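Down below is the structure, laid out as structure tokens.
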There are 2 protein chains.
Amino acid sequence: MNDNSILAYAVLGLLQQQPRSGYDLRKIFANTPMRTFTDSPGAIYPALQRLEKRGLVRSHVQETSGLRRRRLFRPTVAGTVVLKNWQRRLITRDDVVNHVDELMLRFSFMDETVGARRAAQFLNALAAELASYIPTLRQFLKAQAQHMPLSGRLALESGIRSYETLLRWSRNSIKIYKKRKKGETRS
Amino acid sequence: MNDNSILAYAVLGLLQQQPRSGYDLRKIFANTPMRTFTDSPGAIYPALQRLEKRGLVRSHVQETSGLRRRRLFRPTVAGTVVLKNWQRRLITRDDVVNHVDELMLRFSFMDETVGARRAAQFLNALAAELASYIPTLRQFLKAQAQHMPLSGRLALESGIRSYETLLRWSRNSIKIYKKRKKGETRS
DNA sequence: AGGTTCATGTAACCCGTTACATGATTTC
DNA sequence: GAAATCATGTAACGGGTTACATGAACCT
């Protein structure tokens, strides 16, 4: 079977927090910083149907009195497993080059699913991959700068800075997890 | 007719620099920081066919002696117009939220197509849109932080920092364009 | 002669986009 | 009772992904 789409994983992560309807998900994708995901019904409802067909979520119509009919979805045990396995995948160069958004999505639900220890491990792996990737970009820029127009050079510089910011963020976040761990063992 | 895909615009921009074959493009997408684009033949060759069907590029087989046959593509006048119009589009909130990559691609060929003045205008518009968008993210984080798990908070913080870095980059780049302009008028 | 690289393609599949459609419930 | 919102769907379309396929030229 195929891998789930990134939208499907976003849905699975949100359902992990609490049961929600398709419309609930659409509202989240429309009104929060998760608006990078589509809130189109033509994407959400088919995605939910696929998840259910694959046995990763279960749904039943809510039949409380006076309310509009809502189909509530919640993850199955298999769905939770699939979500966790996705989050625990090794971080590859390809992830860093082409799928940073997916990496951040994997991370954003980690506390609630695989726990703080795993989250910190994830950050360490991410920092390592970034620390190895960034120099290759800097090297390319240095070698090619003279042959590139100003806008091209600047565009590349922008990409590099973005990765550097992400590296600083991940190192800083690692510290925060360490601090919190200390606080917990003491209390 | 439909808009061209972002891959199609990347191709069009590269052909604007010099005539290239599908294989040339694949090598660029495989071996340079433009590797965010696919180098799959199943994407490149159909994209070139569509561009030709739409009259935006023209191709002819290179018939030099002793070489492997190569189909060289170059933009038509219409293709150049379409590329420039795409680059000159107004920057929207939606661009900043969902299509930053496309914005950077638009910018990266600007010197060679619409010129330095337009590039500087683009940066000003980008900085303005970012300066208006970032506070809404900060506000959301402040309001929701207490209801969010640590990893969720951090993921959002990462997104905000990325936008802040982009804003700093654009302001810095504006300065560089101003400096270069001064130098040119003086010389 | 055989392997590698060059070079160009095709076809099935998946899924997000866009647009349309329907009806119930709340609100004024 | 009209408009807005809630809520869930469907269908055509486009284009990237994956995998397969073919053959010429170059290298050893």
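Lettering follows sequence order; numbering is per chain, from 1. Values in this document were obtained by computation on a predicted structure and should not be read as measured data.
Annotation for B:Gln139: atom CD does not count as buried by contact number, only 12 or fewer foreign heavy atoms lying within 6.0 Å.
Using a 4.0 Å heavy-atom cutoff across all strands shown, A:Leu7 reaches sugar-phosphate atoms only and no base atom. Within the 4.0 angstrom heavy-atom criterion, only backbone atoms of the sugar-phosphate kind lie near A:Arg50; the bases stay farther away. Using a 4.0 Å heavy-atom cutoff across all strands shown, B:Gly22 reaches sugar-phosphate atoms only and no base atom. Here B:Arg20 lies out of heavy-atom contact (under 4.0 Å) with every strand. Among the atoms of the strands shown, only primed sugar atoms or phosphate atoms (P, OP1, OP2) are found under 4.0 Å from some heavy atom of A:Asp3. Across all strands shown, B:Arg69 has heavy atoms under 4.0 Å from sugar-phosphate atoms exclusively, and none from any base.
We find that B:Arg168 and B:Glu164 are not joined by a salt bridge, their nearest charged nitrogen and carboxylate oxygen being 4.0 Å or further apart.
In this structure, the nucleotide among C:dC14, C:dG9, D:dG9 sitting nearest to the side chain of A:Tyr45 is D:dG9. Closest approach to the B:Tyr23 side chain among D:dT8, C:dA7, C:dT17 is made by C:dA7 (side chain taken as heavy atoms from C-beta onward). The side chain of A:Arg70 has D:dA7 as its nearest neighbour among D:dA7, C:dT8, D:dT10.
Looking at heavy atoms from C-beta onward, B:Asp101 lies out of side-chain contact with B:Met104 at the 4.5 angstrom threshold. Counting only heavy atoms from C-beta outward, the side chains of A:Tyr163 and A:Ile160 never approach each other to under 4.5 Å.
With the nearest nucleotide of DNA chain C identified for both B:Pro46 and A:Pro41, B:Pro46 has the one nearer the 5' end. Along DNA chain D, the nucleotide closest to A:Phe73 and the one closest to B:Ser40 are compared, and the more 5′ of them pairs with A:Phe73.
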